[in-house]
Amino acid sequence: MTESKAMILGCSGLALTSEEKAFYRGERPWGFILFGRNISEARQISDLVAELRESVGWHAPVLIDQEGGRVQRIRPPVLSRYPSGQALGDLYRRDPALGLRAAWVMSRLHAFDLSSLGIDVDCLPVLDVPVEGSSNVIGDRAYSDDPETVIAMGRAAAEGLKAGGLLPVMKHMPGHGRGFADSHLELPVVTVARDELEAHDFPPFVAMKDELMAMTCHVVFTAIDPDNPATTSRKVIDGVIREHIGFNGLLLSDDSSMNALSGTIGERAANIIAGGCDIVLHCNGKMDEMLDVVANVPPLAGLSLARAKAVEAGFTAPDAADEAELRAEFEAMFATV
């Protein structure tokens, strides 16, 4: 098989156009990501996932952001609505054992949901640790403002996904919790000292460094690189993510179309690769932008290819959990909340 290119792409609608099919076939993205515009009903989602994979000729990873709370791409009536990370964290503060069980069970239910549609990667857990006054872009998506709680809950969430045969993507490395701006709209700049980051923001990623995939944050850390956001910063990616955190897995950029990044879409893609990310993520499905991405993204090679192959080999068969029993258990956890 000809090697895939170092990118994950979106698509425009509920089914692929003939132009999209030809484009993906020729340009060979390593994977795909779905958003709300791609969601109608269960059969349509399954058909779209199959079309995406058929276009590249192999069982390419298909990702989605199915966290619960505000960030849940597939919602009722197709799939159940799930609580936010903060709601799970609140449960943990009242009863740690129950909170950890809830995080695991919810992820296991996500795995039942998504695998039935052909989706095999959930961009979860959110390991960001917010501080007072930070942007609501993370907000209640976070489990807690306490790093140790985030570590415990993040581990449980990741294990629940893997028990169901899905792979997790940690986000947003090395930490978006301190951003005072919404990176969808503008570039957050974090000015605290590195030792404070190492004590508060980085620990969840250090604790979970052995997961296979992570997503960067579009945040400038002035103590490390005052000129570039983490996503395009060789200093952050080499010095913090690879060395301090010790993450050796596949590193995805956050969405390259977000306004925190500067330059044209093509320049952003080139900068993401030059900064040390393995994969450029482009989500909005706009063909003119995707053409700019593919012109600036190389085939997967070297360590990036090895990391991608490790992900491909990392999918396992689901356990024998009973879906109905887990749903009843989960509902009971929140019945009195």
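Residue numbers count from 1 along this sequence. Atoms considered below: every heavy atom in the structure, side chains included; atoms not considered: hydrogens, waters and symmetry mates.
In this structure, SG on Cys123 lies 7.0 Å from CG on Leu252, to the nearest 0.5 angstrom. We find the NZ-CG distance between Lys286 and Leu291 to be 13.5 Å, quoted to the nearest 0.5 Å.
With hydrogens and angles disregarded, no donor-acceptor distance shorter than 3.5 Å links the side chain of Ser304 to the backbone of Leu300. Remark: side-chain polar atoms of Arg268 are not paired, donor with acceptor, to backbone N or O of Thr232 under 3.5 angstrom. In terms of modelled atom types and a separation under 3.5 Å, the side chain of Glu41 and the main chain of Arg43 share a donor-acceptor contact. Judged by distance alone, with hydrogens and angles left aside, the side-chain atoms of Ser55 form no donor-acceptor pair with the main-chain N or O of Lys21 at under 3.5 Å. Although no hydrogens or angles enter the test, the distance criterion places no donor-acceptor pair under 3.5 Å between the side chain of Gln72 and the main chain of Gln66. Under the 3.5 Å distance criterion, the side-chain polar atoms of Arg307 are matched with a main-chain donor or acceptor of Asn248. Counting only distance, with no hydrogens or angles, the side chain of Glu198 and the backbone of Arg194 share no donor-acceptor pair below 3.5 Å. Arg101 contributes no side-chain N or O that, together with a main-chain N or O of Ala156, makes up a donor-acceptor pair within less than 3.5 Å. Checked by atom type and distance alone, the side chain of Asp254 never pairs as donor or acceptor with a backbone atom of His218 at under 3.5 Å. The backbone N or O of Phe35 lies less than 3.5 Å from a partner atom in the side chain of Asn38, making a donor-acceptor pair.
Looking only at atom types and distance, the side chain of His200 has a donor-acceptor partner in the side chain of Arg178 under 3.5 Å away. Under the 3.5 Å distance criterion, with hydrogens and angles disregarded, a donor-acceptor pair is assigned to the side chains of Glu312 and Trp30. Side-chain contact, His282 with Ser256: no donor N or O sits under 3.5 Å from an acceptor N or O. Between Tyr143 and Asp90, the side chains place no donor N or O within less than 3.5 Å of an acceptor N or O (distance only, hydrogens not considered). Asn296 and Glu267 share no side-chain donor-acceptor pair at under 3.5 Å. Side-chain atoms of Glu20 and Ser12 form a donor-acceptor pair, as typed in the model, at a separation below 3.5 Å. There is no side-chain donor-acceptor pair under 3.5 Å between Ser144 and Asp146.
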Exercise. Go through the steps to decide whether Asp120 and Arg53 satisfy the test salt bridge (Lys or Arg N to Asp or Glu O under 4.0 Å), and finish with yes or no.
Key: CA-CA 12 Å; Asp120 52 10; Arg53 291 187 171 126; 3.0 Å; yes
Exercise. Could you walk me through whether Thr222 and Val220 pass the side chain to side chain contact (heavy atoms under 4.5 Å, CB included) test, one step at a time?
Key: CA-CA 6 Å; Thr222 60; Val220 168; 4.1 Å; yes
Exercise. Carefully, step by step, assess Ser233 and Asp225 under the rule side-chain hydrogen bond (donor to acceptor under 3.5 Å, both in side chains).
Key: CA-CA 7 Å; Ser233 171; Asp225 184 346; 2.7 Å; yes
Quiz prompt | Worked check of side chain to side chain contact (heavy atoms under 4.5 Å, CB included) between Met208 and Ile151 | solution = CA-CA 8 Å; Met208 295 185 64; Ile151 289 169; 5.5 Å; no
Self-check item: Candidate pair Ile265 and Val293, rule side chain to side chain contact (heavy atoms under 4.5 Å, CB included), full reasoning
Solution: CA-CA 6 Å; Ile265 292 295; Val293 170; 3.4 Å; yes
Quiz item: Should Asn259 and Glu186 be marked as a side-chain hydrogen bond (donor to acceptor under 3.5 Å, both in side chains) after you check the CA-CA gap, both sets of side-chain angles, and the distance that decides it?
Solution: CA-CA 5 Å; Asn259 288 333; Glu186 56 185 313; over 6 Å; no
Quiz prompt | Working for side chain to side chain contact (heavy atoms under 4.5 Å, CB included), residues Val240 and Phe221 | solution = CA-CA 11 Å; Val240 176; Phe221 298 94; over 6 Å; no
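In this structure, Arg242 and Lys209 have side chains that are not in contact, with every pair of non-hydrogen atoms separated by 4.5 Å or more. With contacts defined as side-chain heavy-atom distances shorter than 4.5 Å, the pair Arg94/Leu98 does not qualify. Counting only heavy atoms from C-beta outward, the side chains of Leu167 and Leu161 never approach each other to under 4.5 Å. When side chains are defined from C-beta on, Val131 does not count as touching Asp201, because their heavy atoms never get closer than 4.5 Å. Counting heavy atoms from C-beta on, the side chains of Leu212 and Leu250 never come closer than 4.5 Å. Residues Met173 and Thr216 have side chains not in contact (no heavy-atom distance under 4.5 Å, counting atoms from C-beta outward). Put simply, the side chain of Val71 reaches to within 4.5 Å of the side chain of Arg73, judged on heavy atoms.
Under the salt bridge (Lys or Arg N to Asp or Glu O under 4.0 Å) test applied with Lys171, the options Asp122, Asp255, Asp128, Asp65 reduce to a single match, Asp65.
Residues Val190 and Val206 share a hydrophobic cluster, clusters being chains of Ile/Leu/Val/Met/Phe/Trp/Tyr side chains in contact below 4.5 Å. Hydrophobic cluster membership is shared by Tyr82 and Ile119, with clusters built from Ile, Leu, Val, Met, Phe, Trp and Tyr side chains linked at under 4.5 angstrom. The hydrophobic cluster containing Phe334 also contains Trp104, counting ILVMFWY residues as joined when their side-chain heavy atoms lie under 4.5 angstrom apart, directly or transitively. Linking ILVMFWY residues whenever their side-chain heavy atoms come closer than 4.5 Å, directly or via other members, leaves Leu14 and Ile39 in distinct clusters. Residue Ile273 is grouped with residue Ile33 when hydrophobic side chains (ILVMFWY) are merged at heavy-atom distances under 4.5 angstrom, including chains of intermediate members.
Smallest separation of non-hydrogen atoms from Pro168 and Lys162: CD-CG, 3.8 Å. Residues Arg327 and Leu109 come closest through the heavy atom pair CG-CD2, 3.5 Å. In this structure, Gly10 and Met290 approach most closely via the heavy-atom pair O-SD, 3.5 Å. Taking both residues in full, the closest heavy atoms of Ala269 and Val280 are given as O-CG2, 3.7 Å, listed atom of the first, atom of the second, then distance. The two residues Cys277 and Thr231 have their closest heavy-atom pair at SG-O, 3.5 Å. The nearest pair of heavy atoms linking Pro318 to Arg108 is CB-NH2, 4.0 Å.
By the 6.0 Å contact criterion, CD on Glu329 is enclosed, its count of non-hydrogen atoms from other residues, nucleotides or ligands being greater than 12.
Judged by a 6.0 Å distance limit and a 45° cone about the ring axis, Arg25 is not positioned over the six-membered ring of Phe23.
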